[in-house]
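Just below is one structure, and these are the notes that go with it.
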Amino acid sequence: MARLIVPDIRYHSSWLEGAAEFDGAHRDGGGAEDWPLDDLKDTATFRRFVGALVNNALPETPRKPGYVPCTYLWIVDGDTFLGSLAIRHELNSFLLNEGGHIGYSVRPSARRRGHAAKALADALPVAKELGISRVLITCDEDNAGSRATIERNGGVYEDTRNGKRRYWVETDEQGAPALP
């Protein structure tokens with residue numbers, strides 16, 4: 001059964017396979033924007049990448065202007081990397097209008113199996129533990145799958161801005177934390 005974990009170097013091979021499936025497309029929630037895929041094939045570079053993802057949750061971690069502290073999680077099933085999920089601890093102007101608190105992506109070969117819906121459900125208690133009582137989740141206007149995932153998790157549609165549907169979910173209505 002799929003679950004959320006803290007990024008872990010043991011998933012190196014499976015992560016690379018999953019990343020390759022995106023064929024250069026943006027992976028929301030992945031945190032790999034500044035890491036060329038070819039470089040991440042190297043074990044030492046991948047170890048630094050995983051460390052950077054984990055450290056990004058710390059407020060004192062240096063980050064690019066416009067970026068906020070973020071908890072990165074991976075969606076896995078056994079030894080297989082299925083996707084990524086990011087919980088942004090606060091909203092800046094861009095995130096308020098388009099990006100939201102939570103972003104996620106599931107590798108193409110694992111889509112349409114409920115992994116995104118379960119990952120989002122498991123992430124909501126984690127967001128609550130981070131002190132986020134209302135989570136903003138967005139999706140492209142034409143992304144019916146993500147729209148259904150958000151609505152299945154209690155997302156209440158507010159409006160559309162710049163082609164992004166904006167939904168709010170109350171974390172106080174969620175269950176127990178998904179991670180230790």
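Taken from CZ in Arg3 to NZ in Lys118, the straight-line distance is 9.5 Å, to the nearest 0.5 Å. Note that CH2 of Trp168 and CZ of Arg134 are 5.0 Å apart. Values are rounded to the nearest 0.5 Å. Residue Thr61 holds its OG1 atom at 4.0 Å from CG of Leu58, rounded to the nearest 0.5 Å. Residue Tyr167 holds its OH atom at 4.5 Å from CZ of Arg147, rounded to the nearest 0.5 Å. Going from atom CG of Leu120 over to atom CD1 of Ile75 covers 9.5 Å, rounded to the nearest 0.5 Å.
Between Trp15 and Ala32, the closest heavy-atom pair is CZ2-CB, 4.2 Å. Nearest heavy-atom pair, Phe81 versus Gly18, reported as atom, atom and distance to 0.1 Å: CD2-CA, 4.4 Å. Across Trp74 and Ser84, no two heavy atoms sit closer than the pair CD1-OG, 3.9 Å. The shortest non-hydrogen separation linking Ala86 to Cys70 is CB-SG, 3.5 Å. Closest of all the heavy-atom pairs between Ala19 and Leu37 is CB-CD1, 3.7 Å. Closest heavy-atom contact between Leu53 and Gly30: CD2-O, 3.8 Å.
Residues in residues 8-24 take part in these salt bridge (charged side-chain N to carboxylate O under 4.0 Å, His left out) pairs, two or more places apart or across chains: Asp8-Arg10, Glu21-Arg107. Each side chain to side chain donor-acceptor pair (under 3.5 Å) pair with one or both residues in residues 94-105, not counting sequence neighbours, appears once here: Asn97-Arg161, Glu98-Asn162, Tyr104-Ser146. Here salt bridge (charged side-chain N to carboxylate O under 4.0 Å, His left out) pairs that include residues 86-97, with residues two or more places apart or in two chains, are Asp28-Arg88. Applying the salt bridge (charged side-chain N to carboxylate O under 4.0 Å, His left out) test to every pair with at least one member in residues 56-71, sequence neighbours left out, gives these pairs: Asp34-Lys64.
The hydrophobic cluster containing Ile137 does not contain Phe94, counting ILVMFWY residues as joined when their side-chain heavy atoms lie under 4.5 angstrom apart, directly or transitively. When hydrophobic clusters are built by joining Ile, Leu, Val, Met, Phe, Trp and Tyr residues whose side-chain heavy atoms come closer than 4.5 Å, directly or via intermediates, Val50 is grouped together with Tyr11. Cluster membership check: Ile132 shares its hydrophobic cluster with Ile150, using side-chain heavy-atom separations under 4.5 Å among Ile, Leu, Val, Met, Phe, Trp and Tyr. Clustering ILVMFWY residues whenever any of their side-chain heavy atoms sit less than 4.5 angstrom apart, transitively, puts Ile9 in the very cluster that holds Leu16. At a threshold of 4.5 Å between side-chain heavy atoms, the hydrophobic network of Ile, Leu, Val, Met, Phe, Trp and Tyr places Leu4 and Leu130 in one connected group.
Partners of Thr138 under the side chain to side chain donor-acceptor pair (under 3.5 Å) rule, at least two apart in sequence or in another chain, do not exist in this structure. For Asp39, the salt bridge (Lys or Arg N to Asp or Glu O under 4.0 Å) criterion is met by no residue, not counting sequence neighbours.
Judged by distance alone, with hydrogens and angles left aside, the side-chain atoms of Asn153 form a donor-acceptor pair with the main-chain N or O of Ala117 at under 3.5 Å. Judged by distance alone, the side chain of Arg111 and the main-chain N or O of Val106 form a donor-acceptor pair under 3.5 Å.
Aromatic ring orientation, His12 versus Phe46: parallel (interplanar angle below 30°, classes split at 30° and 60°).
For the side chain to side chain contact (heavy atoms under 4.5 Å, CB included) criterion with Leu73, the lone passing option out of Ile87, Ile5, Asp122 is Ile87.
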Query - Derivation and outcome, side chain to side chain contact (heavy atoms under 4.5 Å, CB included), residues Asn92 and Leu95 - result: CA-CA 5 Å; Asn92 58 24; Leu95 294 173; 3.3 Å; yes
Query raised in the report: When you look at Arg166 and Leu96, which way does the side chain to side chain contact (heavy atoms under 4.5 Å, CB included) test go after all the steps?
Result: CA-CA 9 Å; Arg166 299 172 68 251; Leu96 178 64; 3.7 Å; yes
Query raised in the report: Are Arg48 and Trp35 close enough, and set up right, to give a side chain to side chain contact (heavy atoms under 4.5 Å, CB included), and what steps lead you there?
Result: CA-CA 10 Å; Arg48 285 193 307 278; Trp35 298 83; 4.1 Å; yes
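Val54 is listed as a side-chain neighbour of Pro7, based on a closest heavy-atom distance under 4.5 Å.
Salt-bridge formation is detected for the pair Asp140/Lys164: a Lys NZ or Arg NE/NH1/NH2 atom is positioned less than 4.0 Å from an Asp or Glu carboxylate oxygen.
The number of heavy-atom neighbours closer than 6.0 Å to CG of Asp79, taken from other residues, nucleotides and ligands shown, is 12 or below.
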